[in-house]
Each structure stands twice: as C-alpha cells, then as structure tokens.
2 protein chains.
Amino acid sequence: MIPRGPVVGQPGRADRVERALRGGGEATVTPTAQRRDARRSRERLLAAAAELFAERGYAGTSLRAVAERAGVDAALVARYYGGKDGLYRAVLAADPVVSPVVEEDDEGDVVDVVDDDETRRRAADELAGLLARTVDRWENSPATTVSQNVFRCDLDDAARAATAERVGERVLPLLRAAAEPPGGPDSELRAELATVILLGITVARTAGTLPALAAADPEELGVYARALLDAVLGCR
Amino acid sequence: MIPRGPVVGQPGRADRVERALRGGGEATVTPTAQRRDARRSRERLLAAAAELFAERGYAGTSLRAVAERAGVDAALVARYYGGKDGLYRAVLAADPVVSPVVEEDDEGDVVDVVDDDETRRRAADELAGLLARTVDRWENSPATTVSQNVFRCDLDDAARAATAERVGERVLPLLRAAAEPPGGPDSELRAELATVILLGITVARTAGTLPALAAADPEELGVYARALLDAVLGCR
DNA sequence: GTATGATGTCATCGCACGATGACATCGCCG
DNA sequence: CGGCGATGTCATCGTGCGATGACATCATAC
C-alpha cells in the first residue's frame with residue numbers, strides 16, 4: 001500500500017450526541033463522563049486481558065484482541081502498561097487465584113482478606129472456607145491465569161516468580177496452617193500437594209479434556225476434594 | 001531487500017568427506033549411510049518437536065527452532081508432516097504420557113503394552129506398576145505434551161480430542177479398573193480425579209512453580225501419591 | 001480565549017513466523 | 001550412460017504481531 005499522509009476531517013469525529021446521552025445525569029460527580037476516562041480504559045484493558053490470557057494463554061493472545069474486547073485502542077496498552085509484558089504482569093498481580101473472601105467489616109465495607117496471623121488458630125474453618133470458595137469457582141468461573149500457570153512449563157522466570165508469589169499469598173498459607181502436625185517435617189510439601197489437588201481439579205475442569213470431571217456436580221466434587229485434602233494434610 | 005535469482009555453484013556442496021567417514025563400516029546394511037535418510041529425518045524432527053512443544057508449548061515453538069534442534073532443514077516439516085499442525089498431531093500420537101511398560105515376551109522382543117483385557121483381574125498390580133512408572137518419570141523426565149495438555153485451557157478441539165484419546169489409552173483404563181467398587185457409580189469420575197493427581201504432580205513438578213514439590217524426593221512423593229490414589233479410588 | 005497536559009486514534013515500521021515452490025543432489029533401475 | 005523419483009536446500013512471499021511516534025481531541029487552568 002502506498003503511504004498516505006495524515007487525513008484531515010476524518011479522525012476523532014467528536015460524538016457529541018453519544019456523549020450528551022451518556023454523560024447526561026451525573027455532571028457534578030464525574031464531569032468526565034464516559035469518554036476520556038483513563039481509569040476506565042485501564043480497568044477495561046486489564047479485565048479483557050485477564051479473560052483472554054486465561055482463555056488463550058500469553059502467546060496466543062494478541063494486544064489487538066485485548067483492545068477489541070476492551071473497546072479501546074491497542075496503542076493504549078503501551079501507554080498504560082508499557083507493553084504486552086507489563087499488561088501480563090498486571091494481570092498476574094491482580095489475579096485472585098480463588099474467589100475472594102468477601103466479608104463485611106463493622107462499617108459495612110467489603111474487604112478481601114486472607115488473614116495470615118489468625119490462620120493457624122482457625123485452621124479448620126479456614127480450610128473449609130477455602131474449599132467452599134474453590135467449589136464456588138467450579139460452579140461459576142473458569143480457572144484464572146495464575147491457577148493455570150502452576151501447571152505451565154513454558155513460563156519465563158519472571159512469570160514463574162509472579163505466579164509463585166500469588167499462590168504463596170492466596171492459597172498456601174491456609175493449607176500450610178491446616179497441615180498436621182503444624183510445622184511438621186513435610187508440611188510445606190503437603191501444603192503444595194494440596195495446592196496441586198485444589199488447583200489441578202480447577203484447571204483440569206476448565207480445560208475440559210476429562211469429560212466426567214468437566215461434567216461433575218461441583219458439590220460432589222467438593223466431597224472428593226475434601227477427602228483428598230484430609231488425606232494429604234492429615235486432618236481428621 | 002532486492003529479490004535475487006538463484007545462485008549457481010553454492011548450494012548442496014556434496015560433503016563427500018563427511019559421508020565417507022560416517023558411512024564407513026556398514027555399507028551393506030544401510031547403503032544410504034547418514035545423509036539422504038528420510039526415516040531418520042522424520043524421527044529427528046519428531047523427537048525435537050516433542051522436546052520443544054513440551055518445553056515451550058505450541059505457540060511458543062517455531063518450526064525453525066525444531067528444525068535446528070533436529071539438524072534438518074525447516075522445509076522438511078512441510079514435506080513429511082504437512083506443516084506445524086501435522087507435526088503437533090504426530091507428537092501427540094506418539095506421546096507415551098507415562099513411561100512405557102517395557103516387558104520382554106517369549107522371543108525377547110521388547111513390547112509396550114497397556115493390557116486392556118487383563119487389567120481388571122490384576123488391578124492392584126497394575127496400579128502399582130502405573131505408580132512406579134510415574135515415579136520413574138518424576139526421577140528422570142519432564143512431563144510430556146499430553147500430560148501438560150490435560151491442564152491447558154487454550155487447546156483447540158482437535159488437540160483436546162487427541163489429548164483425551166491418549167490419556168484414555170494410556171492412563172485411564174488402569175485407574176478405572178482400580179476404582180472400587182469396579183463399575184460403581186462414580187468410577188469414571190474417580191478415575192479422572194486419580195488422573196488429575198498423578199499427572200498434576202507430574203506437570204506441576206516440571207513447571208517448577210511450587211518449590212517444595214519440585215525439590216521433593218520422588219520416592220517420598222510416591223508414598224503421598226499412593227495414599228491419595230487409595231483415598232480417591234477406594235482401595236485399601 | 002488560549003495554553004497545556006491528559007487522553008485517544010491512526011498509520012506505519014521492523015520482525016518472526018509458517019508456507020511454498022524452484023532448484024540441487026543423490027541413489028537406483030534399466 | 002541416462003532418466004527419474006526421492007531427498008535436501010534455499011530464497012522468498014504473505015501475514016500478523018508488538019511497538020512506536022505523529023497527530024487529533026478534550027478538559028482544565030489561567
């Protein structure tokens with residue numbers, strides 16, 4: 001194709017109608033209604049990237065596809081995340097791994113905690129909660145990128161480290177605390193084996209290669225998962 | 001770059017010295033010594049592809065890299081396998097998933113069998129054998145492509161079907177036979193859960209994101225795996 | 001009203017990839 | 001010897017990708 005110079009009159013055609021419609025009611029709260037909202041663009045890019053990286057992997061996901069799903073121009077990835085790598089890192093950093101613990105504190109705010117100090121005391125309760133959240137993910141949501149990454153052998157060092165960090169924050173503490181005897185010789189190995197069980201079921205279910213697993217009732221699956229966790233963690 | 005026509009005198013410089021050296025001793029058995037051996041080229045391509053697909057995944061593996069590792073020209077992939085897809089399918093079809101059963105029959109030939117008829121009768125032995133072969137893989141070899149694919153969510157339908165077929169041939173029959181009661185209501189689900197445990201440990205170990213799992217002694221890991229298989233399959 | 005920084009859009013660059021076909025070389029058969 | 005099919009080699013094509021910078025548009029400050 002022959003290179004053309006800039007074209008006048010075409011770009012950025014100032015959708016005043018749409019803008020008037022969308023920005024209508026909330027002028028004082030958010031003067032910048034829909035368009036020209038950097039935070040919104042960043043968040044939409046992050047959400048679209050989280051979906052696509054989980055569905056198609058890093059190499060299989062193009063920035064153009066992410067931008068299209070986000071309804072945003074692909075060049076904004078470079079502006080807000082520095083490039084594909086930065087976007088991927090942001091996705092890993094925001095990955096919940098398992099469904100967040102949603103509790104309301106005294107003021108009614110929603111908080112998401114994996115309480116590291118009290119875990120040992122309430123180990124049994126916490127384990128049951130983790131299992132419930134995992135079963136919840138089996139019901140509703142596909143496996144996240146971090147969960148999948150635990151079983152991916154093609155990660156570079158940075159991605160592997162970020163994955164390990166997220167699993168270490170979100171999953172391992174509870175399982176470590178539930179391993180009996182606490183602090184025993186193999187407690188770390190047993191916690192990681194429990195991770196393989198929980199996340200392995202999650203990921204294999206999303207992958208869909210094992211038909212009975214993909215079709216199984218999540219509650220029934222939870223019963224088996226509980227038995228397996230007890231077997232490896234030594235709870236009874 | 002300006003297109004150039006064919007260059008005379010350069011290509012195919014007839015390494016007579018190397019050929020004479022390598023083909024030296026076995027003229028009658030294999031007249032075509034090293035060069036010009038289609039079978040060898042095919043096999044080297046397949047072996048290199050199996051390594052690289054397992055290390056870097058499908059999208060992360062280039063045909064040029066496969067050809068380089070195989071010591072072969074990249075165009076031969078098209079000739080012998082029709083393209084990248086065909087090469088990948090060939091790798092899946094040849095994937096042993098777990099280390100092959102090596103037995104010697106009466107004539108001393110080496111055979112690799114997963115005996116489907118006798119499995120039920122010898123279920124316990126077979127399960128122990130499968131576990132031993134899996135532990136052996138933990139000692140020596142990285143997880144194969146099929147094993148990894150059980151936990152990959154970015155497969156197309158053909159790759160998923162091929163993966164399911166290989167797992168169904170090589171792993172599931174033994175675990176199905178070991179599920180108690182045999183043919184019970186959840187035997188299929190339990191066999192698939194056992195697959196997730198065995199292959200999940202294998203793949204996560206190769207992935208290297210969980211440090212204690214990656215560093216664990218294979219024999220000790222085998223003890224835990226055995227307990228988990230017993231828990232889900234109902235053997236005791 | 002105008003200057004300025006923030007935000008969004010577009011065209012294009014260079015690169016790596018898979019695929020392809022033309023051509024060279026070899027071994028064999030008559 | 002001469003033809004021919006099998007095998008190997010090379011150059012190149014088209015494509016899609018990530019990255020980049022020039023430019024347009026908007027919101028706000030003054």
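Labels below follow one simple rule: chain letters A, B, ... track the order of the sequence lines, proteins then strands, and each chain is numbered from 1. Small disclaimer: the values here were computed from a predicted structure and weren't measured.
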Only counting residues at least two apart or in another chain, list the ones meeting side-chain contact (heavy atoms from CB on, under 4.5 Å) with Ser141(B). Arg137(B)
Using the side-chain contact (heavy atoms from CB on, under 4.5 Å) criterion, which residues pair with Asn140(B)? Sequence neighbours excluded.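 Scan of Asn140(B) (side-chain contact (heavy atoms from CB on, under 4.5 Å), adjacent residues dropped) gives Asp136(B).
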Whole angstrom is fine here: how far is it from [atom1] in [X] over to [atom2] in [N]?
X: Arg39(A); N: dA6(C); atom1: CZ; atom2: P; answer: 15 Å
X: Tyr88(B); N: dG18(C); atom1: OH; atom2: C1'; answer: 17 Å
X: Leu45(A); N: dT9(C); atom1: CG; atom2: P; answer: 11 Å
X: Arg79(B); N: dT9(D); atom1: CZ; atom2: C1'; answer: 10 Å
X: Arg36(B); N: dT7(D); atom1: CZ; atom2: C1'; answer: 4 Å
X: Arg40(B); N: dG27(C); atom1: CZ; atom2: C1'; answer: 18 Å

Side-chain donor-acceptor contacts of residues 196-204 of chain B below 3.5 Å, not counting sequence neighbours, with atom names and distances?
from: Thr202(B); atom 1: OG1; to: Trp138(B); atom 2: NE1; distance (Å): 2.8
from: Thr202(B); atom 1: OG1; to: Leu198(B); atom 2: O; distance (Å): 2.8

Kindly write out the residues that satisfy salt bridge (charged side-chain N to carboxylate O under 4.0 Å, His left out) with Glu43(B), not counting sequence neighbours, or none if the list is empty. none
Classify the ring geometry between Phe53(A) and Tyr58(A) as parallel (under 30°), tilted (30 to 60°) or perpendicular (over 60°).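 Phe53(A) vs Tyr58(A) ring planes: parallel.
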Among dA24(C), dT9(C), dT9(D), the nucleotide that comes nearest once only the side chain of Leu76(B) is considered: dT9(D)
Partners of Arg42(B) by side chain to side chain donor-acceptor pair (under 3.5 Å), sequence neighbours excluded?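 In terms of side chain to side chain donor-acceptor pair (under 3.5 Å), with neighbours along the sequence ignored, Arg42(B) is linked to no residue.
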Quick check on dG8(C): is either OP1 or OP2 less than 4.0 Å from any side-chain nitrogen or oxygen of Ser41(A)? yes
N/O-N/O pairs, protein side and nucleotides 15-21 of chain D side, under 3.5 Å:
from: dG18(D); atom 1: OP1; to: Thr61(A); atom 2: O; distance (Å): 3.3
from: dG18(D); atom 1: OP1; to: Leu63(A); atom 2: N; distance (Å): 3.4
from: dG18(D); atom 1: OP1; to: Lys84(A); atom 2: NZ; distance (Å): 3.0
from: dG18(D); atom 1: OP2; to: Leu63(A); atom 2: N; distance (Å): 2.8
from: dG18(D); atom 1: N7; to: Arg64(A); atom 2: NH1; distance (Å): 2.9
from: dG18(D); atom 1: O6; to: Arg64(A); atom 2: NH2; distance (Å): 3.1
from: dA19(D); atom 1: OP2; to: Lys84(A); atom 2: N; distance (Å): 3.0

